[in-house]
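The structure presented is a predicted model; accordingly, all values stated were derived computationally and were not measured. Positions are given from 1, in the same order as the sequence printed here. In each ligand, atom 1 is the first atom listed, and ligand 1 is the first ligand listed.
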Amino acid sequence: MGTKVKKVMLVFGTRPEAIKMCPLVNELKRRKGISTTVCVTGQHREMLDQVLEVFDVEPDYDLCIMQPKQTLFDITTNVLENIKNVLTEEKPDVVLVHGDTSTTFVSALACFYLQIPLGHVEAGLRTYNIYSPYPEEFNRQAVSLISKYNFAPTEKAKQNLLAEKRNADDIYVTGNTAIDALKTTVAQDYSHPLLDWAKGSRLILLTAHRRENLGKPLENIFSAIKKIVEEFDDIKVIYPIHMNPVIRETANRIFKETDRISIVDPFDVLDFHNVMARAYMVLTDSGGIQEEAPSLGKPVLVLRDTTERPEGVEAGTLKLVGTDKKNLYNEFKTLLTDEKAYHAMSIAANPYGDGLASKRIADILEGIG
Ligand code: UD1
Ligand code: UDP
């Protein structure tokens, strides 16, 4: 990087960004030569606050933009309008954003308008289909046009950026800060009432929230899961459901009166990681969970048609199954009945780094990396 950075601002707004940025916030705050400020957009509220509490991070600015059933227009205009003053007041030497949310894209755009250098954490993930995931693939590609410093989690992500003619000197392979977080959360000694409830059964952990899955795809997913639960009386499903009311309505309608499916409010990250570590398998359309599960050796059926995380597929832990009801039913059944197929997917592998990604990013920012 050459010159030393003195003032760093981290901007994030949703649960996954917070889980992967808080370890970096805390690492940067330990560095004497750097002044670190945190601006949260509040794109998520409860789910963001849960993470801030676990990592003991107090934001300097909170844009409080969340609205019920917010549209992409709402998020975009509200973040852009509100972040301008924060950036002009603070005048950071560099702003760090994470990943691919609307908070990420719009904050990057604001930095571009104000000509503030941008660093992109978890840079270079790609599906090359801007509608899958939607709008995330567009967001991350757009951020790469703006960002000066690119912190790629893997060599593959770096290669994507190089293929797009990004400057090789500005790309750093650091590992994923998701692993930094995971190293601090999973404990040998852990208990939870829902684990007691699931004792003696095979525990399936479910999450789903992707915008492109709302509506029919989500109905297909839930119907396939319900059918399997009715057929296999030795499984129990824990579903810490996203706060999105649209998802809640669909889940409650389809899963009603299915007593081996427990729908609960979102877990904080400590609970989520510990429950995942004890699950038989995971069903999810989440991005972050695709990074965490390989480390824990938990087979994941990915409820999407594409993934920007091919490393987990190559490691054998993830399988893309899409949202077709019959296909999901068949793949789910195979993992419950075919021991060989199950074991092939449950070998722990970690393609996402050694848990020192935050340290590397902080070193680079200090100009000593
Ligand atoms: C957002 C990101 C997505 C990321 C996901 C992580 C965008 C466009 N989408 O999607 O990339 O994978 O976060 O979870 O940036 N809600 C609450 N409380 C909360 C959070 C959400 O009530 O703490 C409800 C609100 O009604 C909100 C709705 O959920 O309007 C949807 O939230 P939003 O951030 O727009 O979309 P996500 O699906 O969470
Ligand atoms: N997670 C959590 N509580 C939950 C569900 C997920 O803390 O109830 C964590 C999970 O461990 C991962 C992150 O949230 O680190 C993933 O967030 P999400 O699936 O909402 O977003 P994505 O990663 O798809 O952008």
Side-chain angles (χ1 to χ4, degrees), residues 12-23 40-55 64-76 78-79 97-107 122 125 132-140 143 176-182 184-186 192 194 205-214 218 238-249 263-277 279 282-293 295-296 298 300 302-304 307-309 352:
F12 49 92
T14 67
R15 169 173 67 192
E17 294 165 83
I19 290 171
K20 298 185 210 172
M21 287 293 250
C22 283
V40 296
T41 62
Q43 178 179 334
H44 284 175
R45 189 69 280 159
E46 301 88 338
M47 287 162 53
L48 172 71
D49 293 344
Q50 273 184 323
V51 183
L52 296 174
E53 199 180 322
V54 166
F55 288 95
C64 293
I65 65 124
M66 197 191 84
Q67 295 171 12
K69 298 192 182 180
Q70 61 205 2
T71 65
L72 297 178
F73 293 86
D74 296 327
I75 308 169
T76 302
N78 289 328
V79 172
V97 293
H98 181 278
D100 53 23
T101 70
S102 289
T103 283
T104 310
F105 162 61
V106 181
S107 306
E122 200 181 84
L125 277 63
S132 179
Y134 167 84
E136 291 82 3
E137 176 67 14
F138 167 81
N139 288 344
R140 57 191 168 222
V143 174
N176 197 311
T177 56
I179 305 301
D180 303 17
L182 196 61
T184 66
T185 50
V186 179
H192 191 284
L194 279 170
L205 186 58
L206 166 66
T207 82
H209 74 274
R210 295 242 85 79
R211 218 164 257 267
E212 70 271 17
N213 278 350
L214 300 183
L218 211 52
I238 299 181
Y239 180 10
I241 197 167
H242 193 286
M243 300 295 296
N244 189 336
V246 181
I247 297 169
R248 290 182 166 223
E249 183 280 320
I263 302 180
V264 293
D265 279 336
F267 285 149
D268 75 28
V269 64
L270 290 174
D271 286 331
F272 192 84
H273 285 172
N274 277 287
V275 170
M276 178 158 57
V282 180
L283 298 169
T284 191
D285 63 6
S286 162
I289 294 168
Q290 293 180 54
E291 290 152 355
E292 296 162 349
S295 278
L296 300 170
K298 298 299 166 185
V300 181
V302 181
L303 310 167
R304 295 170 49 181
T307 185
E308 58 292 278
R309 283 142 172 119
Y352 295 108

Participant: Taking atom 22 (O) of ligand 1 as the point of reference, which of Arg45, Met66, Gln67, Arg211 owns the nearest heavy atom?
Facilitator: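 Ranked by closest heavy atom to atom 22 (O) of ligand 1, first place is Met66.
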Participant: Hey, does Arg15 come in under 3.5 Å of ligand 1, counting only N/O atoms on both sides?
Facilitator: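 No, no N or O pair falls under 3.5 Å.
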Participant: What does the list of residues with a heavy atom under 4.0 Å from ligand 2 look like, ordered by chain and number?
Facilitator: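 Ligand 2 is contacted, at a heavy-atom distance under 4.0 Å, by Arg15, Pro16, Ile19, His209, Arg210, Pro240, Pro266, Phe267, Asp268, Val269, Phe272, His273, Ser286, Gly287, Gly288, Ile289, Glu292.
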Participant: Does Thr14 reach ligand 1 with a nitrogen or oxygen that is under 3.5 Å from one of the ligand's nitrogen or oxygen atoms?
Facilitator: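 Not met; the criterion fails.
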Participant: Please confirm whether Thr103 comes within less than 3.5 Å of ligand 1 when only nitrogen or oxygen atoms on both sides are compared.
Facilitator: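 Min N/O separation from ligand 1 is not below 3.5 Å for Thr103.
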Participant: Passes side chain to side chain contact (heavy atoms under 4.5 Å, CB included), Ile238 versus Phe267? Steps please.
Facilitator: CA-CA 11 Å; Ile238 299 181; Phe267 285 149; 3.8 Å; yes
Participant: Please write down residue, atom name and distance for the protein heavy atom closest to atom 8 (C) of ligand 1.
Facilitator: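 Checking every protein heavy atom, the shortest distance to atom 8 (C) of ligand 1 gives Ser102 OG, 3.1 Å.
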Participant: To the nearest 0.1 Å, how far is atom 38 (O) of ligand 1 from its closest protein heavy atom, and which atom is that?
Facilitator: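 Of the protein heavy atoms, His209 O, 3.7 Å lies nearest.
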Participant: Looking only at N/O atoms, are Met47 and ligand 1 under 3.5 Å apart anywhere?
Facilitator: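 Yes.
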Participant: Nearest to atom 2 (C) of ligand 1, what protein heavy atom do you find, and at what distance?
Facilitator: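 In this structure, atom 2 (C) of ligand 1 has Gln43 NE2, 3.8 Å as its nearest protein heavy atom.
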Participant: Short list, please: which atoms of ligand 1 are under 4.0 Å from a heavy atom of Pro16?
Facilitator: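 So the atoms of ligand 1 that pass are 6 (C), 14 (O).
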Participant: May I ask you to check whether Asn139 has an N/O atom sitting below 3.5 Å from an N/O atom of ligand 1?
Facilitator: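 No, there is no polar N/O contact under 3.5 Å.
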Participant: From the options Gln70, His44, Lys69, select the one whose nearest heavy atom is closest to atom 20 (C) of ligand 1.
Facilitator: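 The option holding the nearest heavy atom is His44.
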Participant: Note the single closest protein heavy atom to atom 19 (C) of ligand 1, along with its residue, its atom name and the distance in Å.
Facilitator: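 The closest one turns out to be Glu46 OE1, 3.3 Å.
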Participant: With heavy atoms under 4.0 Å as the rule, classify the contact between Ile75 and ligand 1 as side chain, backbone, both or neither.
Facilitator: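 Contact part for Ile75 vs ligand 1: side chain (C-beta onward).
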Participant: Check for a donor-acceptor pair, side chain of Thr177 on one end and backbone N or O of Asp180 on the other, with a separation under 3.5 Å.
Facilitator: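 No; judged by distance alone, with no hydrogens or angles, the pair does not exist.
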Participant: If you have a sec, work out which protein heavy atom is nearest atom 11 (O) of ligand 1 and how many Å separate them, to one decimal?
Facilitator: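 Ranking protein heavy atoms by distance from atom 11 (O) of ligand 1, first comes Glu136 OE2, 2.4 Å.
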